[in-house]
Amino acid sequence: STFNFGNDTAIEQKVNFSRLPGDVEMELFCEKYKEKVDSENVRCHHPEDYCQHRQSCLIHFMEQENRRESERKEAGKKEKCKN
């Protein structure tokens, strides 16, 4: 199924039945450069370029969330080492 957020940001969602139930694979699409982005390793391929879609970009949002999650895990590891 394809979701459109009204701002030309389209997200295709495909179910991959070889994964655990409930896991969903998404095909992310960069509106500016008209290219697909891997949902397993989400990152903007042009982070330094101006992008009019960045405020509503799911790729940008997911990249930030993944970075924050990595930072939280790293902070947790450091905290365990102190104890």
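Counting begins at 1 with the first residue of the sequence.
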Enquirer: Is the CZ atom of Phe61 crowded by more than 12 outside heavy atoms at less than 6.0 Å?
Expert: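 No, CZ of Phe61 has 12 or fewer neighbouring heavy atoms, counting only those of other groups under 6.0 Å.
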Enquirer: Which pair of non-hydrogen atoms, one from Pro47 and one from Arg54, has the smallest distance, and what is that distance?
Expert: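 The answer is O-NH1, 3.6 Å.
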Enquirer: Rounded to the nearest 0.5 Å, what separation is found between the CD atom of Gln52 and the SG atom of Cys57?
Expert: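 That separation rounds to 11.5 Å.
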Enquirer: Any non-hydrogen side-chain atom of Met62 less than 4.5 Å from a side-chain atom of Leu28?
Expert: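 With C-beta onward as the side chain, the pair touches.
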Enquirer: Could you tell me whether Glu27 and Lys36 make a salt bridge, using a distance below 4.0 angstrom between a side-chain N and a carboxylate O?
Expert: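 Looking at Glu27 and Lys36, the cut-off is met.
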Enquirer: What's the spacing between Cys44 SG and Gln64 CD if we round to 0.5 Å?
Expert: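 Rounded to the nearest 0.5 Å, the SG-CD separation comes to 10.5 Å.
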Enquirer: Apply side-chain contact (heavy atoms from CB on, under 4.5 Å) to Cys30 and Glu35, showing your working.
Expert: CA-CA 5 Å; Cys30 174; Glu35 59 190 20; 3.9 Å; yes
Enquirer: Within this structure, what is the NZ-CZ distance for the pair Lys32 and Phe29, rounded to the nearest 0.5 Å?
Expert: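 It is 14.0 Å, given to the nearest 0.5 Å.
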Enquirer: Verify side-chain contact (heavy atoms from CB on, under 4.5 Å) between Arg43 and Asp38, making sure each step is shown before the conclusion.
Expert: CA-CA 8 Å; Arg43 66 176 188 82; Asp38 179 25; over 6 Å; no
Enquirer: Between the side chains of Glu65 and Arg68, is the shortest nitrogen-to-carboxylate-oxygen separation below 4.0 Å, so that they form an ion pair?
Expert: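 Salt bridge present between Arg68 and Glu65.
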Enquirer: Could you tell me the separation between the CD atom of Glu71 and the CD atom of Glu69, rounded to the nearest 0.5 Å?
Expert: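 Atom-to-atom, Glu71:CD and Glu69:CD are 10.5 Å apart.
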Enquirer: Mind checking whether Ile59 and His45 have side chains closer than 4.5 Å, heavy atoms only?
Expert: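 Answer no - side chains too far apart.
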Enquirer: With distance as the sole test, does Lys34 use its side chain to make a donor-acceptor pair with the main-chain N or O of Glu31 at under 3.5 Å?
Expert: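 It does hold such a pair.
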Enquirer: Check whether any side-chain heavy atom of Arg67 lies under 4.5 Å from a side-chain heavy atom of Glu63, and answer yes or no.
Expert: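 They are not in contact (no side-chain heavy atoms under 4.5 Å apart), so the answer is no.
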